[in-house]
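Read through the structure below, which is laid out as structure tokens, and then see the notes.
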Amino acid sequence: MKPTNIANPDYFHKVVDCQWACPAHTPVPEYIRLIAAQRYSDAYMVNWKSNVFPGILGRTCDRPCEPACRRGRVEDEPVAICRLKRVAADNKGDIDQLLPPKAAKKNGKRVVCIGAGPASLTVARDLLPLGYEVHIYDAEKKGGGMIRTQIPRFRLPESVIDEEVDYILRYEPVTHFGKRVDSLKDVLAQGWDAVFVGTGAPRGRDLGLPGQKEASANVHIGIDWLSNVSFGHIDKIGKRVIVLGGGNTAMDCCRTSRRLGGEDVKVIVRSGFDEMKASPWEKEDAQHEGIPIINFLNPKEFTHKDGKLTGVTFAKMAWVDKDGKRKLEPTGEPDVHYECDDVLMAVGQENSFPWIERDIGMTFDKWDMPVVDQVTFQSSIPKVFFGGDAAFGPKNIIWAVAHGHDAAVSIDLFCQGKDVKDRLPPGVSMMSTKMGIHEWAYDNDVSLDLRYKVPMVEPEVALRNVKVEVEKGFDPLLGYKEAQRCLNCDVQTVFSAPACIECDACVDICPMDCITFTENGEETELRDRLNAPAKNLTQDLYVQDGLKTGRVMVKDEDVCLHCGLCAERCPTGAWDMQQFYLDITQAGCTPKSPARRKALAAAK
């Protein structure tokens with residue numbers, strides 16, 4: 001194997017698995033250490049820079065960081081990264097003085113954001129401090145988009161939404177709340193320098209089954225129903241409720257139903273339990289509230305009598321292998337019927353662009369979606385950019401934020417007349433954490449504690465009121481204990497071959513047998529003959545040559561605890577623990593001109 005190029009920022013970025021998995025690349029270990037030090041405002045600001053909505057995401061994020069967490073590879077459960085984000089948000093002080101200043105003057109460029117969801121708000125937050133005049137249109141009377149309309153209040157209090165939306169509104173965008181945009185052609189005629197479309201995926205899928213029309217008064221589209229609950233238009237539901245669908249929206253629908261009078265609430269899903277799109281913790285929360293999840297039933301018909309819904313008929317389904325593929329097919333067994341008073345359909349969401357005319361030069365794909373570049377978020381109309389669910393279909397808040405950051409970079413470049421594909425790489429710094437012979441600037445003791453449970457409101461209290469937040473969150477003490485479980489994966493083991501005397505002291509002391517000195521070889525063969533065979537192919541091997549014996553040092557990054565024992569034991573300082581910090585490119589980080597680049601290269 002060739003020596004690892006640790007100068008490539010992606011190498012150590014991948015080792016920080018949680019940050020690599022986060023679409024917004026939040027420096028997770030950095031803010032967790034700040035929480036452990038009770039520096040909550042600083043921890044909040046580390047989050048705010050990258051993910052914009054720490055208090056919101058600390059309650060609702062889909063947590064792609066947690067399945068990636070190294071702690072989950074050395075014991076059963078990862079660090080509660082998401083809920084620690086909430087600890088920073090709940091315990092921070094006044095952060096006004098920590099926020100970036102408002103622009104001293106405008107730069108003369110006008111940008112319009114259509115929709116006031118997380119993607120548009122991120123674009124506005126990134127561009128406003130640079131002097132852009134940003135206008136935001138939304139049909140609702142307050143900003144937030146799906147954060148405000150589709151997430152139940154028992155998961156996300158409105159006060160948290162208001163606070164974090166207001167942090168963006170303090171930069172004084174021109175808001176047009178309560179005003180729907182009905183024509184992109186009209187928008188383009190207004191002479192904006194750039195247009196950002198962040199309208200989400202506002203249309204819930206409709207099954208259109210037999211009997212639906214006759215029973216329509218009690219058959220509801222899930223996301224529309226949740227919006228009506230959020231705005232207070234609906235405050236009750238029938239006692240017997242069936243929720244169709246296996247995603248997070250279905251979990252929100254069933255749990256909301258329990259709080260609005262539903263006594264017998266069932267979730268019925270076409271696929272198996274493990275194939276459901278809902279996050280594992282969402283399914284667990286629903287079951288904790290006494291809601292059964294019934295699998296392998298496909299709805300066929302809504303039954304009704306005298307214009308009133310009476311139930312739903314289902315066909316039994318099973319996985320079968322057909323033509324080398326696994327498919328769901330009816331078993332042929334007798335149908336199953338469940339009686340109910342109301343049905344909530346939460347079987348997916350779709351984009352809807354009837355307001356974008358097809359004669360303005362916009363290219364659409366075969367699914368009737370605008371064609372959008374996956375890096376620049378630019379459409380076929382150069383000044384029009386997309387992001388969030390409007391770009392590539394339904395995802396979640398953290399993806400919308402990431403899209404907003406990238407689109408803002410493109411808009412900034414475009415408005416300056418520069419190539420939107422000429423983007424700066426992220427900034428990277430590496431700094432030794434060595435403070436003494438056996439002292440480091442981070443706490444390198446490895447906590448043996450198992451994951452702490454988030455305290456919950458008692459079910460008999462929570463189920464009485466749709467606005468009572470069901471999770472209490474970690475208090476500072478529990479937050480500290482959970483923070484201590486973090487393995488500080490951003491503090492990297494950096495090896496210097498010229499300083500190594502090959503005494504194998506690091507090999508002896510490594511608690512995970514991560515380090516091997518051996519003859520070089522092809523990767524597959526080399527992985528098998530390490531002290532502990534490296535079976536996880538998703539994790540890289542750190543290889544360094546230049547040793548006096550001709551051997552190579554190979555370190556398996558998979559289960560390294562970043563404990564620093566190798567560096568403490570090394571008699572020559574060949575190992576060092578260096579903190580890796582990645583600063584993701586945001587709007588305002590402008591590439592230098594070719595002439596300036598040439599001059600800088602010559603200076604080096």
Side-chain angles (χ1 to χ4, degrees), residues 23-24 51-53 56-57 60 110-128 132-151 161 164-165 167-169 171 173-184 186-188 190 192-203 223 227 349-356 362 369-379 381 383-412 414-415 420 586-587:
N51 60 52
V52 186
F53 306 103
I56 292 168
L57 287 166
T60 64
R110 299 167 65 249
V111 176
V112 62
C113 295
I114 304 173
S120 289
L121 290 173
T122 300
V123 169
R125 193 211 71 168
D126 286 1
L127 295 180
L128 284 162
Y132 286 87
E133 180 184 319
V134 179
H135 292 242
I136 306 174
Y137 284 81
D138 197 280
E140 304 299 341
K141 294 180 180 178
K142 298 176 81 173
M146 57 75 60
I147 293 173
R148 192 179 296 277
T149 61
Q150 295 175 25
I151 300 177
I161 305 172
E164 297 199 320
V165 170
Y167 286 143
I168 297 167
L169 299 185
Y171 291 98
V174 182
T175 57
H176 305 267
F177 294 155
K179 187 170 183 180
R180 181 182 296 275
V181 172
D182 294 317
S183 167
L184 184 57
D186 289 349
V187 171
L188 293 173
Q190 294 169 18
W192 303 98
D193 293 291
V195 176
F196 178 78
V197 178
T199 51
R203 187 171 63 191
I223 61 169
S227 294
Q349 293 168 234
E350 299 173 329
N351 294 80
S352 180
F353 297 106
W355 57 280
I356 299 181
M362 180 80 69
M369 288 277 290
V371 175
V372 177
D373 187 280
Q374 296 197 16
V375 174
T376 67
F377 295 85
Q378 189 176 44
S379 72
I381 300 176
K383 69 164 62 177
V384 180
F385 301 81
F386 285 73
D389 292 354
F392 306 116
K395 284 196 174 180
N396 47 55
I397 300 170
I398 192 63
W399 274 104
V401 169
H403 291 180
H405 285 314
D406 286 335
V409 171
S410 296
I411 291 169
D412 185 37
F414 179 80
C415 288
V420 296
Q586 293 187 359

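Counting heavy atoms from C-beta outward, F53 and L121 have side chains that approach closer than 4.5 Å. Within the 4.5 Å cutoff, the side chain of V111 has no heavy atoms near those of the F385 side chain. At least one side-chain heavy atom of I114 sits less than 4.5 Å from a side-chain heavy atom of W355. Contact annotation: the side chain of V165 never approaches that of K142 to less than 4.5 Å [non-hydrogen atoms, C-beta and beyond]. Within the 4.5 Å cutoff, the side chain of L188 has heavy atoms near those of the V384 side chain. Contact annotation: the side chain of T199 never approaches that of V181 to less than 4.5 Å [non-hydrogen atoms, C-beta and beyond].
Classification of the H403-F377 ring pair by plane angle, with boundaries at 30° and 60°, yields tilted.
When every heavy atom of I161 is checked against every heavy atom of I56, the shortest pair comes out as CA-CD1, 4.1 Å. For the residue pair F414 and V420, the shortest heavy atom distance occurs at CB-CG1, 3.8 Å. Minimum interatomic distance between V372 and F392 (heavy atoms only, all atoms of both residues): O-CE2, 3.5 Å. Taking every heavy atom of both residues into account, R110 and Q190 meet most closely at NH1-O, 3.8 Å. Taking all atoms of both residues into account, the shortest heavy-atom contact from R125 to V52 is NH1-CG2, 3.7 Å. Considering all non-hydrogen atoms of both residues, A400 and P118 come closest at CB-CG, 3.8 Å.
The closest donor-acceptor contact from the side chain of Q349 to the backbone of P394 lies at 3.5 Å or more, if one exists at all. Listed for the S379 side chain is a donor-acceptor partner under 3.5 Å among the backbone atoms of I381. Put simply, the side chain of D406 never gets that close to the backbone of T376: no donor and acceptor are under 3.5 Å apart.
The OG1 atom of T175 sits 10.0 Å away from atom NE2 of H135, with the distance rounded to the nearest 0.5 Å. Taking CD1 of I136 as the start and NE2 of H176 as the end, the distance is 9.0 Å to the nearest 0.5 Å. Between K179 atom NZ and K141 atom NZ the span is 15.5 Å, to the nearest 0.5 Å. Taken to the nearest 0.5 Å, the CD atom of E350 stands 10.5 Å off from the CE atom of M369. With rounding to the nearest 0.5 angstrom, the CD1 atom of I147 is 4.5 Å from the CD1 atom of I397. Put simply, OG1 on T60 and CG on N396 are 9.0 Å apart, with the number rounded to the nearest 0.5 Å.
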Original post:
Taking it one step at a time, do D412 and D126 satisfy side chain to side chain contact (heavy atoms under 4.5 Å, CB included)?
Top reply: CA-CA 9 Å; D412 185 37; D126 286 1; over 6 Å; no

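Residues D193 and Y132 bring no donor and acceptor atom of their side chains to less than 3.5 Å of each other.
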